[in-house]
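Quick note on labels: first sequence line is chain A, next is B, and so on, each numbered from 1. What you see below is based on every heavy atom in this structure, not just the backbone, and it leaves out hydrogens, waters and symmetry mates.
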Number of protein chains: 2
Amino acid sequence: MTDRRARRHEATRREILDAAWRLARERGLTGWSLREVAAEVGMRAPSLYGYFRSKEAIYDAMFAEGSAQLLALADAVPREADPVDLLRAAAREFVDFCVADPPRYQLLFLRVVPGFAPSPASYALAEEVLERLRAILALAGVTSERAVDLWTALVTGLATQQVSNDPDGTRWSDLVDHAVDMFLASELATPR
Amino acid sequence: MTDRRARRHEATRREILDAAWRLARERGLTGWSLREVAAEVGMRAPSLYGYFRSKEAIYDAMFAEGSAQLLALADAVPREADPVDLLRAAAREFVDFCVADPPRYQLLFLRVVPGFAPSPASYALAEEVLERLRAILALAGVTSERAVDLWTALVTGLATQQVSNDPDGTRWSDLVDHAVDMFLASELATPR
DNA sequence: GAGGTTGACCTAACGCTGTTAGGTGTACGC
DNA sequence: GCGTACACCTAACAGCGTTAGGTCAACCTC
């Protein structure tokens, strides 16, 4: 049996992370303090340092977690559909993923936290997400690196506009299918 | 003659604003303190409050200034060219504008500063930028609100990816012409 | 079961942040 | 030349992330 101690430790880590997510959603990605997180789990701020080496380490764990969630989403994309439907679904799921949790989106894709950059381990997860994206696009016949870059610009652009300028509406989400059609018309016409 | 005092006051405001921009470019949009700005202009932090009501007011003045610069850029777009060339030039200038000064871009288009939202006066400037954009797109025959939204998503997406993921290269800037062609092929084919 | 160790948590404190209060001297308008 | 208004200062506040050092209970070993 793995140490009861170790399990308890992991559970407390989880509790801290959950509290951080909760506060980030309530007050904005950078709108919370360690003292608040500590209060949320019934501790004082310095005690958190037994679980995370710094506030940045908490952001890093959140980054890894968000990436893992997106990775799971990418793996759940159905493989047997029509390529157009496939990409439409993928784009829509991505934008919904972003809109559903704006702080998570900002942490993963915008460089919003002042000193923060993901650790190599966490960044590797983000790279793997990109790898899955490449695979999905390849299923639809889109393989060039330029096309992948254009895709990321397009879908993150839609997500950014939606989150920043119409957080409670669907003004840009509604454009996703149209944008995918535009993209595919252009990329599949000149397959190179 | 307008008060020498008033002129001197305005000059000091400028000096403070320039120092804030300089520090933002050096250390990131939110990576500077009032004490640093004050030191830069030979004062102590509390003295800045004679010129700006808060740090947020400095951000607001920066927001207004950035918007004015973008407005000037929009007004400089040549009106007599071929519509495709026009939009290509406009998109390229926009992305270059963003890449040239990432903190300015983040201030104007990402919601990066924790508590900050532009004042109504500053926001009006940003709205005017959008108005100019609509006019430019109309020159090329693009008039629907959905098409304008798709345009903003596309060009801000390119800019975001460029600034966030390849700040010193041209990986996404190089896609601007291609993206504009893709956009126009789609929007002009179905003109309604 | 007693003893020693380890780890969970605490208080106190550091240097930093934006901001306010209150004081001093000087440059200006009359 | 005088009185005022302004430019700037120091001191201080509460809050921030973080470190140092201490206390107490839970666990492992005998």
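B:Arg35 comes within 4.0 angstrom of a nucleotide base, judged by non-hydrogen atoms across all strands. In this structure, B:Ser54 reaches the sugar-phosphate backbone alone: every heavy-atom distance under 4.0 Å involves primed, P, OP1 or OP2 atoms, never a base. Heavy atoms of A:Tyr51 sit under 4.0 angstrom from primed sugar atoms or phosphate atoms, though from no base atom. Heavy atoms of A:Ser33 sit under 4.0 angstrom from primed sugar atoms or phosphate atoms, though from no base atom.
Residue B:Leu34 has its side chain nearest to C:dG18 when only C:dC9, D:dC8, C:dG18 are considered. In the set C:dT19, C:dA8, C:dC10, C:dT19 carries the atom at the smallest distance from any side-chain atom of B:Ala45. If you check C:dT11, D:dG17, D:dA11 against the side chain of B:Pro46, the one that comes closest is D:dA11.
Following rounding to the nearest Å, B:Met43 (CE) and C:dG25 (P) show an atom-to-atom distance of 19 Å. The CZ atom of A:Arg8 sits 14 Å away from the C1' atom of D:dA25 (whole-angstrom rounding). Taking atom CD1 of residue B:Ile58 and atom P of nucleotide C:dT19, one finds them 9 Å apart after rounding to whole Å. If you take CG of A:Leu48 and P of C:dT11, they are 13 Å apart, rounded to a whole angstrom. Going from atom CD of A:Glu10 over to atom P of C:dA8 covers 12 Å, rounded to whole Å. C:dT17 atom P lies 12 Å from atom OH of B:Tyr49, rounded to whole Å. In this structure, B:Phe52 places its CZ atom 13 Å from P of C:dT19, rounding to the nearest Å. Distance, A:Arg44 CZ to C:dA12 P: 10 Å, rounded to whole Å.
Of all the heavy atoms in B:Gln162 and B:Trp172, the pair that sits closest is OE1-N, 2.6 Å.
When atom types are taken as modelled, the side chain of A:Tyr59 and the backbone of A:Leu29 share a donor-acceptor pair closer than 3.5 angstrom.
Distances shown here put a side-chain N or O of B:Ser47 below 4.0 Å from the OP1 or OP2 atom of D:dC9. Considering only side-chain N and O atoms, A:His9 lies nowhere under 4.0 angstrom from the phosphate OP1 or OP2 of C:dG7.
Within 6.0 Å of the CZ atom in B:Phe97, the count of heavy atoms belonging to other residues, nucleotides or ligands exceeds 12. Residue B:Tyr123 places its OH atom among 12 or fewer non-hydrogen atoms of other residues, nucleotides or ligands, all under 6.0 Å distant.
You'll find the ring centres of B:Phe109 and B:Phe94 inside the 6.0 Å limit.
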